[in-house]
Amino acid sequence: MLPLSCIGNVCYADEFHKTCTVISMLAFCYRNFKDAKIIENFTFLNNLVNEMQSDSIIAFRYENQSLLALLARENLNDSIKISISFENYVKASLLNQGFVVHKIDGNINNKKYKAISKKQNDEPVSINELKLYEPFSTQDIGTQYYIKSLKNYTLGLDFILDSPNYMQYLKEIDQKIKEIINNFYTLRNTLHFTTGGNLLNVGFDEILTLTQLIDFVNNNIIYQHNHLISDFKLKYNSTLYSESNNLPRIFI
């Protein structure tokens with residue numbers, strides 16, 4: 001069961017709370033991505049790769065070695081930050097389109113929940129459809145109301161990325177971006193059993209990968225966040241968000 005009163009879970013109550021949750025999730029995606037050491041030091045890596053083509057000695061300067069060693073140590077932490085950012089983006093995007101991102105509990109002794117849980121395993125279930133099975137509203141916020149049909153965890157990133165029926169609602173994630181996300185997600189999953197020693201590959205391919213991710217964040221995460229704030233002000237005439245909350249682009 002999912003308590004409706006918990007922060008974030010109120011996203012299913014109405015359009016207002018859903019939009020607030022999506023905006024907050026996108027801001028979290030942006031901050032987490034930007035805080036990754038490999039993103040913070042993108043300009044250094046880009047310059048280093050370009051310089052290494054003409055002078056390989058440059059890579060052995062002490063200051064370069066020191067920073068590269070730091071980035072190697074942070075490689076796993078960076079993969080965690082980046083994969084978490086994109087996992088939350090995927091779920092924020094589905095939520096923004098009106099879909100349930102928490103797992104529907106099919107083990108409840110009720111045939112209607114079993115049916116909608118089975119459907120969710122194949123395709124997204126809308127919030128409105130869920131409410132047909134279990135009505136709840138804004139009036140339940142602040143009470144001890146639990147959404148009985150929802151578990152307290154969300155759909156997995158790997159499940160969503162591997163499902164054509166889910167990915168049709170995430171068309172901005174092309175095959176290349178999907179592969180990049182999967183690579184970071186795979187490295188992230190080594191955190192359960194690791195010595196912390198991770199190799200850091202630095203070359204044109206890695207720079208291209210980071211460039212594609214930064215472009216995606218600029219053109220999707222930041223754009224959607226700022227666009228939602230503009231719509232929010234017009235729709236709700238609320239001072240909860242303003243242009244001061246807009247996220248700046250990441251320049252490379």
Side-chain angles (χ1 to χ4, degrees), residues 1-26 28-29 32 80 82-173 175 177-179 181-193 224:
M1 293 189 296
L2 189 71
L4 185 63
S5 57
C6 288
I7 296 174
N9 301 339
V10 295
C11 62
Y12 299 121
D14 57 27
E15 192 71 19
F16 177 88
H17 288 89
K18 185 194 79 174
T19 303
C20 289
T21 302
V22 172
I23 290 173
S24 296
M25 289 179 72
L26 292 174
F28 170 80
C29 298
N32 226 38
I80 294 170
I82 292 172
S83 60
I84 287 175
S85 294
F86 278 89
E87 179 168 5
N88 276 272
Y89 168 74
V90 163
K91 294 170 186 178
S93 183
L94 288 172
L95 178 61
N96 190 44
Q97 295 176 72
F99 295 116
V100 177
V101 294
H102 283 80
K103 188 78 174 102
I104 298 174
D105 191 351
N107 294 321
I108 299 175
N109 188 24
N110 189 312
K111 288 184 178 180
K112 63 181 182 181
Y113 291 149
K114 292 182 186 298
I116 198 171
S117 174
K118 184 177 180 181
K119 179 180 179 179
Q120 190 187 41
N121 290 333
D122 183 58
E123 61 183 281
V125 171
S126 73
I127 299 170
N128 288 336
E129 185 176 1
L130 179 70
K131 287 183 176 181
L132 292 177
Y133 288 82
E134 182 181 3
F136 52 87
S137 68
T138 310
Q139 293 179 346
D140 297 311
I141 298 176
T143 69
Q144 293 301 310
Y145 184 83
Y146 283 79
I147 307 177
K148 301 178 184 66
S149 56
L150 296 184
K151 295 184 178 181
N152 61 358
Y153 58 86
T154 55
L155 300 168
L157 175 62
D158 49 352
F159 166 79
I160 295 172
L161 294 179
D162 288 342
S163 171
N165 288 336
Y166 278 82
M167 290 304 294
Q168 68 174 316
Y169 297 101
L170 299 163
K171 294 186 185 300
E172 67 276 18
I173 300 179
Q175 186 60 33
I177 293 296
K178 180 179 173 180
E179 290 174 1
I181 296 172
N182 272 326
N183 288 338
F184 277 105
Y185 189 66
T186 299
L187 177 56
R188 170 252 181 219
N189 284 341
T190 65
L191 66 88
H192 304 290
F193 189 75
Q224 287 189 37

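On a predicted model such as this, the values are computed, not experimentally measured, just so you know. Below, all heavy atoms of this structure are taken into account, side chains as well, without hydrogens, waters or symmetry copies.
The closest donor-acceptor contact from the side chain of S149 to the backbone of I104 lies at 3.5 Å or more, if one exists at all. A side-chain donor-acceptor contact under 3.5 Å links N88 to the backbone of I84.
Considering NZ of K148 and OH of Y113, their distance stands at 6.5 Å, rounded to 0.5 Å. A distance of 7.5 Å separates CD1 of I116 from OG of S126, quoted to the nearest 0.5 Å. To the nearest 0.5 Å, the span separating CD on Q120 from CG on L150 amounts to 8.0 Å. For the atom pair OG1 (T186) and CG (N183), the distance works out to 6.0 Å, reported to the nearest 0.5 Å.
The minimum heavy-atom distance linking L94 with V101 is given by the pair CB-CG1, 4.0 Å. The minimum heavy-atom distance linking N165 with P124 is given by the pair O-CD, 3.5 Å.
Every residue was checked against the side chain to side chain donor-acceptor pair (under 3.5 Å) condition with S85, not counting sequence neighbours, and none meets it. For Y169, the ring pair (Phe, Tyr, Trp, His ring centres under 6.0 Å) test picks out F99, with sequence neighbours left out. Residues satisfying the side-chain contact (heavy atoms from CB on, under 4.5 Å) test with K119, not counting sequence neighbours, are E123, V125, E129. Residues passing the side-chain contact (heavy atoms from CB on, under 4.5 Å) test with D105, sequence neighbours excluded: N107, I108, K151. Every residue meeting the side-chain contact (heavy atoms from CB on, under 4.5 Å) condition with N182, not counting sequence neighbours, appears here in chain and number order: L161, K178. With sequence neighbours left out, F16 forms a side-chain contact (heavy atoms from CB on, under 4.5 Å) with D14, C20, F232, Y236, L240. For E15, the salt bridge (Lys or Arg N to Asp or Glu O under 4.0 Å) partners two or more places apart in sequence, or in a different chain, are K18. Not counting sequence neighbours, the partners of K91 by the salt bridge (Lys or Arg N to Asp or Glu O under 4.0 Å) test are E87. For D162, there are no side chain to side chain donor-acceptor pair (under 3.5 Å) partners at least two apart in sequence or on another chain.
No side-chain donor from either of Y12 and E134 sits under 3.5 Å from a side-chain acceptor of the other.
Within the 4.5 Å cutoff, the side chain of K114 has no heavy atoms near those of the K118 side chain. Looking only at side-chain heavy atoms (C-beta outward), N121 and K103 come within less than 4.5 Å of each other. Side chains of S93 and E172 form a contact here, defined as non-hydrogen atoms less than 4.5 Å apart. Side-chain atoms of Y166 and V90, non-hydrogen and from C-beta on, never get closer than 4.5 Å to each other. Using a 4.5 Å cut-off on side-chain heavy atoms (C-beta onward), C11 and L95 make contact. Residues H102 and I147 are not in side-chain contact: their nearest non-hydrogen atoms beyond the backbone lie 4.5 Å or more apart. Inter-residue side-chain proximity for L170 and I160 is flagged as met; some heavy-atom pair is nearer than 4.5 Å. Considering only heavy atoms from C-beta on, I181 comes within 4.5 Å of L157 through its side chain.
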